[in-house]
Amino acid sequence: MDEKKYATLEKKISPKPQIARNMFTAFVTGGTICLIGQGISLFYTTFFDFTERTSSNPTVATMIFIAMLLTGFGQYKKIAQFGGAGAAVPITGFSNAVVSAAIEHKSEGYVLGVGGNMFKLAGSVILFGVFSAFLVALVKTILVKFGVVSW
Amino acid sequence: MEGTIIRKVGLMMMSIILMLAACGTMNEDSIQIYNDTDEDIEEAKQVFENDDRLRKAVVVLHDDELLAGVTVGTFERFRKTKIEKDLKEKLEKAYPEVEVLVSADNKVVIETKKMTKIKDQQQLKKEIKKIKSLSEEQT
């Protein structure tokens, strides 16, 4: 069986991904997570001394804490199963990636197990996040220097 | 079987959101003003009324300080800082001796609304100071 034949055969047998359905569930799941986050943000601005701008810090911390608990009790994987990227992209997905890796490698010890493997998946997110932030800041600095935009 | 529960919850969530979205009407008094000085407040009222980017405005004028919390339209929130600056300039022109603070932040709107009901002068002053320090805070 040559490569071409195999490719056509594989195409015929493998099930088609339900793209429209997946997109819809991801939209709903991501939207629901953001709605909860907005609710928490509103809670912090209403009952504590946070403005809309400064309330983002405690909101993110709370969302991470909730996702951590859900991951520990094995509920977050169900949400991720249903929502796909909708559950992976918000900060809760990042929290899930860190905590699940930490739980998985706990048997190997705290330093080389948990410490060494915690950021196996999430480390790349941090690296590329910091790097892209650096690039964007560089571009903006140059634009401000030439007077195209202001800070 | 795990999926069905989440699917049910998701469906319920959706229907609740759609139901709530249907009853978003706004017909309350859009400009609230509290004034305990002898400055003429009509001019400020005109500034807020003539700006169609705003939905609501709460204004407190006390001693030599003017505090304004405004709620902007949904897609105007991307230009919040510009709107704040515009309004501040206009108000400063109308009231040269008064120190003006305009903010489109929801927190300022909430606190200013509470302030309009305060009777105690000392406490009012304290609250204004608190809002000012809050609005200067960075992340």
Side-chain angles (χ1 to χ4, degrees), chain A residues 18 21-61 66-67 70-71 73-88 91-92 96 133 137 149-151, chain B residues 1-21 24 56 58 67-72 74 76-85 101-115 126-139:
Chain A
Q18 300 165 296
R21 189 182 171 277
N22 288 349
M23 271 158 63
F24 177 72
T25 53
F27 176 78
V28 171
T29 311
T32 311
I33 291 172
C34 294
L35 183 75
I36 295 167
Q38 184 65 41
I40 292 171
S41 172
L42 210 62
F43 166 75
Y44 279 120
T45 50
T46 316
F47 298 109
F48 295 96
D49 281 347
F50 290 109
T51 58
E52 249 174 57
R53 204 186 322 165
T54 53
S55 70
S56 60
N57 291 340
T59 305
V60 165
I66 292 169
L70 286 176
T71 307
F73 291 128
Q75 301 299 314
Y76 200 85
K77 64 180 174 195
K78 292 178 194 169
I79 301 170
Q81 195 89 57
F82 173 76
I91 195 90
T92 49
N96 175 53
V149 289
S150 64
W151 282 115
Chain B
M1 272 295 101
E2 282 172 359
T4 42
I5 299 166
I6 296 171
R7 223 167 285 155
K8 269 183 193 164
V9 171
L11 203 69
M12 215 168 70
M13 209 61 132
M14 275 269 292
S15 42
I16 289 171
I17 291 163
L18 288 177
M19 245 147 55
L20 285 180
K56 262 186 242 171
V58 189
L67 200 61
V70 291
T71 310
V72 294
T74 309
E76 302 292 345
R77 60 170 26 245
F78 297 114
R79 279 175 285 164
K80 257 184 185 175
T81 30
K82 197 175 173 290
I83 294 172
E84 281 171 9
K85 215 174 130 195
L101 175 75
V102 181
S103 179
D105 201 297
N106 194 26
K107 179 73 180 170
V108 178
V109 179
I110 295 170
E111 290 297 319
T112 329
K113 214 176 238 169
K114 274 188 209 162
M115 243 183 261
K126 228 159 100 189
E127 287 285 317
I128 289 175
K129 214 172 169 188
K130 193 179 114 191
I131 293 297
K132 273 197 166 162
S133 72
L134 264 184
S135 67
E136 276 161 15
E137 236 169 71
Q138 300 288 320
T139 36

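Computed from a prediction, not measured in an experiment: that's the story for all the values here. Here is the naming used below: chain letters follow the sequence lines, and residue numbers restart at 1 for every chain.
Contacts between A:T32 and chain B at a heavy-atom distance below 4.5 Å involve the side chain alone, from C-beta outward. Within the 4.5 angstrom heavy-atom criterion, only backbone atoms of B:S135 (N, CA, C, O) approach chain A. When heavy atoms are compared at a cutoff of 4.5 Å, A:T29 does not approach chain B at all.
In this structure the side chain of B:I131 reaches within 4.5 angstrom of the side chain of B:L67, judged on heavy atoms. In this structure, A:I91 and A:I33 have side chains that are not in contact, with every pair of non-hydrogen atoms separated by 4.5 Å or more.
A donor-acceptor contact closer than 3.5 angstrom links the side chains of A:Y76 and A:T92.
The side chain to side chain donor-acceptor pair (under 3.5 Å) check on B:E76 picks up B:R79, with sequence neighbours excluded.
Counting heavy-atom pairs closer than 4.5 Å to chain A, the top-ranked of the candidates B:D105, B:L134, B:N106 is B:D105.
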